[in-house]
Amino acid sequence: MKNRKLITALVLGLFIFTACASKKETAGSSSLLSRTWTLVAAGDVDAGTSGAFIEFGNRPGEVRGKAGCNGFGGNYAVNGKSLKLEGLMGTKMACPALNVENAFMQALGSTDTYKVEGDRLLLYKGDQLLATFNGSSVGN
């Protein structure tokens, strides 16, 4: 009986800890959610009609998108205006032009802060602008 109470307490504690950690992970990120962010440019590379995009969070801390030719997914953490994208993995299809895709993935890996200005998402490393996106509601 004593062991059952201890196990119940441990499971409950883990559940509470996990729930709190998930909320902390995306604290301050509400301006990123429920939007598809279509890449306009990554550094000096114009995205053109590549179709590259990023979406934040069907689940807390989850990110996914398309880098042009290949799809990708991973995790993100936000604290204020600090943004860290980690564990990004993608498909590895052979594509005719990878300049947009390479610049986009490099920008995501280097990002440390972000700004949302209206329907525009800007990713930075320090003061250096890495990528610019236009936002639209998910499903539009």
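The figures that follow rest on heavy atoms only: side chains count, while hydrogens, waters and symmetry mates do not. Everything numeric in this text was worked out from a predicted model, so none of it was measured.
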Check: Between F56 and I54, which heavy-atom pair has the shortest distance, and what is it?
Finding: CZ-CD1, 3.9 Å
Note to self: Please say yes or no: joined through hydrophobic side-chain contacts below 4.5 Å, possibly via intermediate residues, are V100 and L123 part of one cluster?
What the structure shows: yes
Margin query: Using the rule that Ile, Leu, Val, Met, Phe, Trp and Tyr join whenever any side-chain heavy atoms are under 4.5 Å apart, tell me whether L121 and L129 fall into a single cluster.
Written below: no
Check: Knowing that exactly one of V63, L108, T111 qualifies, which makes a side-chain contact (heavy atoms from CB on, under 4.5 Å) with L83?
Finding: T111
Next item on the list: Please indicate whether M93 has more than 12 foreign heavy atoms, meaning atoms of other residues, nucleotides or ligands, lying under 6.0 Å from its CE.
Entry: yes
Item checked: Atom of Y76, atom of G57 and distance for their closest heavy-atom approach -> CE2-N, 4.1 Å
Next item on the list: Find out if a path of hydrophobic residues (ILVMFWY) with successive side-chain heavy-atom gaps under 4.5 Å connects V45 to W37.
Entry: yes
Notebook entry, point to check: Linking I/L/V/M/F/W/Y whenever their side-chain heavy atoms sit closer than 4.5 Å, directly or via other members, would Y124 and M105 fall into one cluster?
Noted result: no
Note to self: If you define the side chain from C-beta out and look only at heavy atoms, does anything of R120 sit under 4.5 Å from N134?
What the structure shows: yes
Next item on the list: Rounded to the nearest 0.5 Å, what's the gap from CG on N99 to CG on D44? Could you check?
Entry: 10.0 Å
Check: Should N70 and F72 count as side-chain neighbours, where that means a heavy-atom distance under 4.5 Å?
Finding: no
Next item on the list: To the nearest 0.5 angstrom, please state how far the OG1 atom of T113 sits from the NZ atom of K81.
Entry: 10.0 Å
Note to self: Applying disulfide bond (SG atoms under 2.5 Å apart) as the test, list every pair that has at least one member in residues 36-84; sequence neighbours left out.
What the structure shows: C69-C95
Item checked: Option passing side chain to side chain donor-acceptor pair (under 3.5 Å) with E55 (candidates K66, R35, R64) -> R64
Note to self: Side-chain heavy atoms nearer than 4.5 Å, only ILVMFWY residues, links allowed to pass through others: does that put L33 and L39 together?
What the structure shows: yes
Checklist line | Gap separating the CG atom of D119 from the OG atom of S137, nearest 0.5 angstrom | finding: 8.0 Å
Notebook entry, point to check: If you take all heavy atoms of A131 and A107, which pair is closest and at what distance?
Noted result: CB-CB, 4.2 Å
Item checked: Closest heavy-atom pair and its distance - G74, L88 -> CA-CD2, 4.0 Å
Item checked: Output field: ring centroids F133/Y114 closer than 6.0 Å -> no
